[in-house]
Asks: 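Here you go, one structure.
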Amino acid sequence: MTILTRRLFALGCFALLFLQFIIAQSPVKINLQEKQKPTIISKHIYGHFAEHLGRCIYDGFYVGEKSDIPNTDGVRNDIITALQELKVPNLRWPGGCFADSYHWKDGVGPISERPTIVNRWWGGTVEDNSFGTHDFLNLCEKIGAEPYLAANVGSGQVQELADWVEYVNSKGGGPMGEWRKKNGREKPWNVKYWGVGNEMWGCGGNMTPEYYANIYRQYATFMPDWTGKGMYRIASGASEDDYHWTEVLMRDVKKSLIEGVALHSYSVIDWGNKGPDITFSNAQYFKTMKKAWRMEELIRKHTAIMDKYDPKQEIDLIVDEWGGWYDGDKEMGVLYQQNTMRDAMIAGVTLNIFNNWSHRVKMANLAQTVNVLQAVLLTKGHQLVLTPTYHVMKMYNVHQDAELISVQFDTPSYEMDGESLPALSVSASKNAEDVIHVSLVNIDHQQGHEIALDLEDLGVNQVSATILSGDDLQAYNSFEKPDQIKPVAFKQVKYTNGKVSLVIPPFSIIVLQGK
Ligand code: AHR
């Protein structure tokens, strides 16, 4: 190389660096626009899931009436309060895989007469059926959530499900309604949401979609509406990108028999090696984020198939299992895992995706509520910890039943080992009082981003914000330090003449309120 070419090369490198600096510094402009045809973000997108698994029900929700942990009918009072404050819209139960081996009649009537079974799906624990239908439905009433019952199709019978529907929903007169009254509950619970089996392609019976579609039609036929308010039947849906499953269900089940089709997708790096819950590397974090972002592709592609058979969008997509899945502390229970800032990022990104697809996604259930997988609550003896995921769900509950606002922006990228992901995730809504909420997530673990939003046309006069962030990605709320991560007011927001500007720090979530 001559001196001249070397100088030119050095100049070129400098110019490139300078350009990069400029790009990193120039604000990301986010345009918000009210939709021509309003879409309501169903509150049910913020649903939860509780399975008879590990320490979710027993030693989680339910400690029994004789426990010295303060409880109401055996359910921990601190959990009831935490879930009331979270505004849990619905709760799915009793599984999961457990649902397809659960016989509901084992869990009603005098506790002393209930049979004991072994939970063969999860750890072979002894299940004494002390927490059953009454306990679950009464719990839902206490926390103000709609119950979502997952029925046993894999090892159950059509009559068993028909009886369950009658037991919980009929006013009486028939054998099931009268049995319910004898067991202490006069009024029906009017359960609207019903899952017809769970993961029928796997633990629900290893069925083909063609076979399941027929079975589904049979079961759904015997689920009459005792309430007069409408039944909502959800078919067990695809795992991840099994588009054929969705195609067959949409093709073979007639509309009068189905209200929702499910989808299960976990943010797991590799099923053979899920990686640690706390001591994960930056590369593992990146892979988890890649899986979290994949939810958008899955929803887009499943929706495209649904649109083909249901252009009027009368059948909903129900993501009734989602969340992060790692290798946690087995001593703390089956599928127990800690919950770090990585989980907060999964929740922030995924909920934004659900909001932005809320014309088709009408319900979703985070797996699982207490002590299992991406839990919002962790318990140990008398102690209860609110996880970072709890805080995200609570910050985001402002979107429940609000009108979706379209967001447009060019996201900076978050790069690692030659791969690239969108660094920013955003969704926005307007509630019944015309208050605007914008939820912003920056998954980049190193770089903050300057953001500019124009709220003038939305009639906003004042702005405030809340932030969730941590000292590092691996930060979590432990039983010793339960308040390491919690939302705080974010004051560094500039607001002039309808224009908002702020810098979102690395791995953080900001919810902006404008009114
Ligand atoms: O949520 C844990 C398990 O994951 C559920 O039981 C099952 O449906 C899924 O595979």
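Both counts, for ligands and for their atoms, begin at 1 and track the order of listing. Just so you know, these numbers come straight off a predicted model, no measurement behind them.
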Asks: Using distance alone, decide if ligand 1 has a nitrogen or oxygen within less than 3.5 Å of any nitrogen or oxygen in C97.
Replies: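 Between C97 and ligand 1, an N or O pair is found under 3.5 Å apart.
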Asks: Find out whether the Lys NZ or Arg CZ of R92 is both under 6.0 angstrom from the six-membered ring centre of F49 and within 45° of the ring's axis.
Replies: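 Yes, R92 and F49 form such a contact.
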Asks: Are H52 and F61 near enough that their ring centres are under 6.0 Å apart?
Replies: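 Distance test on ring centres: not under 6.0 Å, no.
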Asks: Among the heavy atoms of W325, does any lie under 4.0 Å from an atom of ligand 1?
Replies: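 It does; at least one heavy atom falls under 4.0 Å.
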Asks: Output yes when E296 and R300 qualify as a salt bridge under the 4.0 Å nitrogen-oxygen rule, no when they do not.
Replies: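 Salt bridge absent between E296 and R300.
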Asks: Of the side chain and backbone of W122, name the one, both, or neither that has a heavy atom under 4.0 Å from an atom of ligand 1.
Replies: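 Within the 4.0 Å criterion, W122 contacts ligand 1 through side-chain atoms alone.
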Asks: Nearest protein heavy atom to atom 6 (O) of ligand 1, by residue and atom, and its distance?
Replies: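 I find the closest protein heavy atom is E51 OE1, 2.7 Å.
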Asks: Give a yes or no on whether the backbone of A375 and the side-chain of T387 come within a donor-acceptor separation of less than 3.5 Å.
Replies: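 Checking the backbone N and O of A375 against the side chain of T387, a donor-acceptor pair under 3.5 Å is found.
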Asks: Which part of V372 is near ligand 1, with near meaning a heavy atom under 4.0 Å away: side chain, backbone, both or neither?
Replies: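 Neither part.
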Asks: Taking only heavy atoms of Q368, which atoms of ligand 1 are found under 4.0 Å from at least one of them?
Replies: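 Heavy-atom distances to Q368 below 4.0 Å select 1 (O), 2 (C).
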Asks: Under the 3.5 angstrom rule, does the side chain of D106 hit a backbone N or O of P115 as a donor-acceptor pair?
Replies: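 Checking the backbone N and O of P115 against the side chain of D106, no donor-acceptor pair under 3.5 Å is found.
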Asks: By number and element, which atoms of ligand 1 are closer than 4.0 Å to a non-hydrogen atom of N198?
Replies: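 Under 4.0 Å from N198, ligand 1 has these atoms: 8 (O).
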Asks: With a 4.0 Å cut-off on heavy atoms, does F49 reach ligand 1?
Replies: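 F49 counts as a contact of ligand 1 under the 4.0 Å cut-off.
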